[in-house]
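To keep things clear, I will list the structure first and then write my remarks on it.
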There are 2 protein chains.
Amino acid sequence: MATNRKPTAPGRRRPPRQKPGVKKEQILEVAIDSFGRYGYEETKWADVAAAVDIGSTALYHYFESKQHCLFEIMAKTVSDYRARFDKIIAERDDWNDALVTLLVDSFDISDQQVMRQRVMVAEFGRIASPRALPREEAARASARAQTRDLEFAWGTFLARGMQQGLLPENDPRLLTRAVLGLYNSVWHWYRPGGTLRLADVSRFFVSRQLAILGCPPDLADERFDKLEDAA
Amino acid sequence: MATNRKPTAPGRRRPPRQKPGVKKEQILEVAIDSFGRYGYEETKWADVAAAVDIGSTALYHYFESKQHCLFEIMAKTVSDYRARFDKIIAERDDWNDALVTLLVDSFDISDQQVMRQRVMVAEFGRIASPRALPREEAARASARAQTRDLEFAWGTFLARGMQQGLLPENDPRLLTRAVLGLYNSVWHWYRPGGTLRLADVSRFFVSRQLAILGCPPDLADERFDKLEDAA
DNA sequence: TCCGAACCTGAACTCAGTTCAATAACGCGA
DNA sequence: TCGCGTTATTGAACTGAGTTCAGGTTCGGA
């Protein structure tokens, strides 16, 4: 837990500069890992700087503040999820197929994406209140708006399933909150490298999500069996 | 949002001292409300002091730190939930009756208890890592241990339902996490005084919890109808 | 070779949270 | 009613993570 990085040896040339954007990606990587592992509060901003080998004030070249970094992580997390959501919806005609794919796909994520989800659910409360710094506020507002949009998109999708008679009638907004709420709850306790494999968590929770919706919970079993065979 | 309280007028007698414990309760009330409404971070500890009409340093007579206060709130929240849980279990012979009562009862809470749940779910991540100050650490450890115990108790209860053939066989621990995860997810977005009535939220989410468990979701309908008639 | 933009730094500042030494009020036994 | 330990409170000072600022250095391209 060194708080300060070692200074460049005097009389020594600095290492050659990398491609633009690389450093920022490094910072985000370290931040995601540290925020996800120890929590946002516990993580010292200066330690993140040290980990990517810059002085703590250099961080302000990339982010307006520590929270700005957090909000960018969150905005990216939702935005990536949304992109996958849209792609799946667009590619499937069959509603049931789309549903199962959506549910299964959202658990089919890398360790780093898990960490992002952990950061997301742990610090979600922060995106509620506006901030003063312009870019920070932009990132916050973006994360918030995209979250809302995503809920709306899910609601619309579920309403379509009801129209087609594939889903029992119910308030689509509350149903969305229930399905996504159950999904998000996973990241409060699941962490990569634990005793539980994500594939098992996925199998269990997808079936429970289907139960919430009122579908036969074994709707996704076939899909999982196929995935197992592939692996 | 005044940060400092007005000083006692000089030459004036202080107001008479209240019963011991009253001030601490006042602090907790204000803290719960403020943490739940604006978030723990956003809430300035000194503002809490001002709200109960003491200087900010006087808070340290009651709590070792701001986090200590938070942890006491969380510990109390779990402990109260647990007490209700145990009482309900003890009073019911019929397993289905107990289940429905547990689920319905956990939504039958006052506005202040809602705020406590909001604080709980929003800041839950903090109870993971140990703290240095003794009483603060004690409160943290207590909150953590009680949460674990509660999950265990739920798991045991669900396993009993499976033994009696009233619940489909499933991993009781994962099932517990799903049921409680869905419950907790509510407090991320529900707040008192909104457009949605808690009774409606309750009706919907209890039925979804039953769906998760694999029970007929209308198992609780009768109960709700009775509650409606009473009101 | 010059220039502007991107990148980075040390020193200093901020401010919520906290510590500390001292004081005031209370409650109770002598 | 006095004395004395406990409880409650305060102002002044301290702490440290986060931040600002006024500059430097490096780079790619004109």
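Chain identifiers are assigned alphabetically (A, B, ...) following the order of the sequence lines, protein sequences preceding nucleic acid strands; residue numbering begins at 1 within each chain. Scope of the values below: all heavy atoms of this structure, side chains included, with no hydrogens, waters or symmetry mates.
A straight line from CG of A:Leu59 to C1' of C:dG10 spans 15 Å, rounded to a whole angstrom. In this structure, B:Ile54 atom CD1 and D:dT7 atom P are separated by 16 Å, rounded to whole Å. Remark: C1' of D:dG18 and CD of A:Glu42 are 16 Å apart, rounded to the nearest angstrom. Between B:His68 atom NE2 and C:dA16 atom C1' there is a gap of 19 Å when expressed in whole angstrom units. For the pair A:Phe63 CZ and C:dC8 P, the computed distance is 13 Å after rounding to whole Å. Summarising the geometry, the separation between CD1 on B:Ile27 and P on D:dT9 is reported as 8 Å, rounded to the nearest angstrom. With rounding to whole Å, A:Lys24 atom NZ is found 10 Å from C:dC7 atom P.
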What side-chain donor-acceptor pairs closer than 3.5 Å can you find for residues 192-200 of chain B, not counting sequence neighbours?
from	atom 1	to	atom 2	distance (Å)
B:Arg197	NE	B:Asp200	OD2	3.2
B:Arg197	NH2	B:Asp200	OD1	3.0
B:Arg197	NH2	B:Asp200	OD2	3.3

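At a threshold of 4.0 Å, the pair B:Glu123-B:Arg118 does not count as salt-bridged, since none of the basic side-chain nitrogens sits closer than that to a carboxylate oxygen.
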Could I get a table of every N or O pair under 3.5 Å where one atom is in the protein and the other is in nucleotides 17-20 of chain C?
from	atom 1	to	atom 2	distance (Å)
C:dG17	OP1	B:Lys66	NZ	2.6
C:dG17	OP2	B:Trp45	N	2.6
C:dT18	OP2	B:Tyr60	OH	2.8
C:dT18	OP2	B:Lys66	N	3.0
C:dT18	O5'	B:Tyr60	OH	3.1

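Scored by the salt bridge (charged side-chain N to carboxylate O under 4.0 Å, His left out) test, B:Asp149 finds no partners at all (sequence neighbours excluded). Not a single ring-ring contact (aromatic ring centres under 6.0 Å, His included) links A:Phe71 to another residue, sequence neighbours left out. Here B:Glu151 pairs with B:Arg177 under the salt bridge (charged side-chain N to carboxylate O under 4.0 Å, His left out) rule; sequence neighbours left out.
The salt bridge (Lys or Arg N to Asp or Glu O under 4.0 Å) pairs that include a residue from residues 183-194 of chain B number zero, where partners must be two or more places apart or lie in different chains.
One finds no side-chain N or O of B:His61 lying less than 4.0 angstrom from the OP1 or OP2 phosphate oxygen of D:dT9.
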